[in-house]
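In each ligand, atom 1 is the first atom listed, and ligand 1 is the first ligand listed.
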Amino acid sequence: MINRPRRLRNSDSLRSIVRETILNKEDLVYPVFVKDGQGVKEAISSMPGQYRFSVDTLKTECEEVVKLGIKSILIFGLASHKDDTGTESHNPNGAVQNAIRMIKKDFPDVVVMTDVCVCGYTNHGHCGIVHDDYVQNDETLKVLQNMALSHAEAGADIVAPSAMMDGQVAAIREILDKNSFQRVSIMAYSAKYYSACYGPFREAADSAPQFGNRATYQMDIGNTREAMKEIDIDIAEGADIVMVKPAMLYMDIIAKAKERSLVPMAAYNVSGEYAMIKAAAANGWIDEKRVMMEMLLSLKRAGTDLIITYFAKDAAAEIEKLKD
Ligand code: PBG
Ligand code: ZN
C-alpha cells in the first residue's frame with residue numbers, strides 16, 4: 001500500500017482545514033519613524049514604502065493602519081539635537097513622546113510600543129554613553145531608564161529596550177515600578193545580533209555609529225547558547241515579551257527560544273530583510289506578495305507570536321483578501 005499524504009491536498013477547502021499555521025493581523029507590529037515638525041512625510045530610499053513622519057502626518061498613517069486591522073505600532077524617534085548622552089531621548093516634548101500622546105488619544109485601542117535606545121540621539125551614534133572609545137554599560141542604564149520613564153509618562157503600553165546593555169530590563173522595570181507604572185510592559189530585544197541587515201534602518205533613523213561598530217554589545221552571529229542565556233536573563237529581570245532580531249535569518253534561534261521559554265516571542269523582521277525582498281521584487285525576480293506572506297507565515301511556524309515588520313500594512317491587506 002502507498003501512504004498517500006496527497007489525499008489531504010485535493011482542494012482549497014481540504015487544505016484549509018488541515019493547515020497547521022495561520023497568520024493573523026494580530027501577529028503584526030508596524031514600526032514607524034517620527035520626527036519633529038509639521039506636514040513631514042519623507043520617503044526612506046532604501047526602504048521603499050516607508051517614511052519619516054511628523055506627528056500630524058503620523059495621525060493620517062494611523063487611520064490607515066487601524067482601518068487595516070493592525071493592533072500595534074512600534075515607534076522610533078529621530079533627534080532634532082544630538083549630543084554625547086542622547087539628552088533628547090527623554091525630552092517630555094520629544095517627537096516620540098508627542099506621538100505616543102497623539103496615538104493614545106486618537107486611537108486608544110492601538111497598542112503603543114516604543115524603542116528604547118539612544119543611538120538615534122547621540123552624536124557618536126552608539127547605543128550608549130561612550131568614554132575611552134567604549135560604550136559604558138552601567139552609565140547607559142540611567143539614560144535608558146529616563147527614556148523608558150518618559151515614554152511611560154506619555155502613555156506607552158510597552159517599552160522595548162534595544163541597546164543590548166547588561167541589566168537594561170531590570171533597570172527599566174525598577175524605574176517604572178518606582179513611578180507607579182507597574183502596568184507598562186517590557187518587550188526585550190533579548191537576542192539582538194551584530195547583523196549586517198540593519199543598514200537601511202540606520203539611514204532611516206540616522207543612527208549609524210560614527211566610529212567603530214556595535215560588536216561589543218550586540219551578539220555574535222555564531223552563537224545559539226548565548227541567545228538562550230540572554231533570553232533567560234531578560235525573563236529573570238522581568239521581561240514580559242522577548243525578541244529575536246533579525247528574524248528571517250535566525251529562525252533556528254526563534255524555534256529554540258520558543259521551546260524553552262513561556263513568555264510571548266517576538267521577532268524583528270529587520271530593514272535589510274525588507275529591502276532584499278523589495279529590491280528583488282522591483283526587478284521582477286520574485287512575486288513580492290507571495291514571498292512576503294511565505295516569510296511571515298514561516299516566522300509564525302517557527303514559533304513567533306509577534307512579528308515586527310515593515311510589511312505589516314501590506315500583509316494585513318493580504319490577510320483581508322484571503323477572507324473573500
Ligand atoms: C536601535 C535599533 C536598530 C534597529 C532597531 N533598533 C539599529 C541598530 O541596532 O543599529 C534595527 C531595525 C531594522 O534594521 O529594521 N538600537
Ligand atoms: Zn541603538
Checklist entry - Strictly under 4.0 Å, does any heavy atom of Ser207 approach an atom of ligand 1? => result no
Provide, to 0.1 Å, the distance between [atom] and the closest protein heavy atom, together with that atom's residue and name.
{"atom": "atom 1 (C) of ligand 1", "result": "Cys119 SG, 3.4 Å"}
{"atom": "atom 2 (C) of ligand 1", "result": "Lys192 NZ, 3.4 Å"}
{"atom": "atom 14 (O) of ligand 1", "result": "Ser271 OG, 2.7 Å"}
{"atom": "atom 10 (O) of ligand 1", "result": "Arg202 NE, 2.6 Å"}

Item to check | Side chain, backbone, both or neither: Ser162 near ligand 1, heavy atoms under 4.0 Å | outcome: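 The part of Ser162 near ligand 1 is both the backbone and the side chain.
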Checklist entry - About how large, to 10 degrees, is the angle SG of Cys117, then the Zn ion (ligand 2), then SG of Cys119? => result 120°
Checklist entry - For ligand 1, which atoms sit closer than 4.0 Å to a heavy atom of Cys117? => result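 The list of qualifying atoms is 16 (N).
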Checklist entry - What atoms in ligand 1 come closer than 4.0 Å to a heavy atom of Tyr310? => result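 In order of numbering, the contacting atoms are 12 (C), 13 (C), 15 (O).
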Checklist entry - Just going by heavy-atom distances, which of Glu203, Met243, Lys245, Arg214 is nearest to atom 4 (C) of ligand 1? => result Lys245
Checklist outcome for this item: Nearest non-hydrogen contact to atom 12 (C) of ligand 1 from the set Tyr189, Tyr193, Phe201, Tyr274 belongs to Phe201
Checklist entry - Are Lys289 and Phe311 in a cation-pi setup, meaning NZ or CZ lies under 6.0 angstrom from the ring centre and within 45 degrees of the ring axis? => result no
Item to check | Ring-face cation contact, Tyr51 with Lys41, 6.0 Å cut, 45° max | outcome: yes
Next on the checklist: Run the ring pair (Phe, Tyr, Trp, His ring centres under 6.0 Å) test against Phe76 and tell me which residues pass, sequence neighbours left out.
Outcome noted: Phe33, Phe201
Next on the checklist: Can you see whether Ser150 engages His90 through a side-chain donor-acceptor pair at a distance of less than 3.5 angstrom?
Outcome noted: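 Short answer, no.
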Checklist entry - Do any of the N, O or S atoms of His126 sit under 2.8 Å from the Zn ion (ligand 2)? => result no
Show me the donor-acceptor pairs within less than 3.5 Å that the side chains of residues 153-161 make with the rest of the protein, sequence neighbours left out.
from, atom 1, to, atom 2, distance (Å)
Asp157, OD1, Lys104, NZ, 3.4
Asp157, OD2, Lys104, NZ, 2.8
Asp157, OD2, Val112, N, 2.8

Checklist entry - Has the side chain of Tyr217 got a donor or acceptor atom that lies under 3.5 Å from a matching backbone atom of Cys127? => result yes
Next on the checklist: Closer than 3.5 angstrom, by distance alone: can the side chain of Asp27 be matched with the main-chain N or O of Leu306 as a donor-acceptor pair?
Outcome noted: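 No, because the side chain of Asp27 does not come within donor-acceptor range (under 3.5 Å) of the backbone of Leu306.
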Checklist entry - Should Tyr268 and Val111 be counted in the same cluster of Ile, Leu, Val, Met, Phe, Trp and Tyr side chains packed under 4.5 Å apart? => result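 As far as the 4.5 Å side-chain criterion goes, Val111 and Tyr268 are connected within one cluster.
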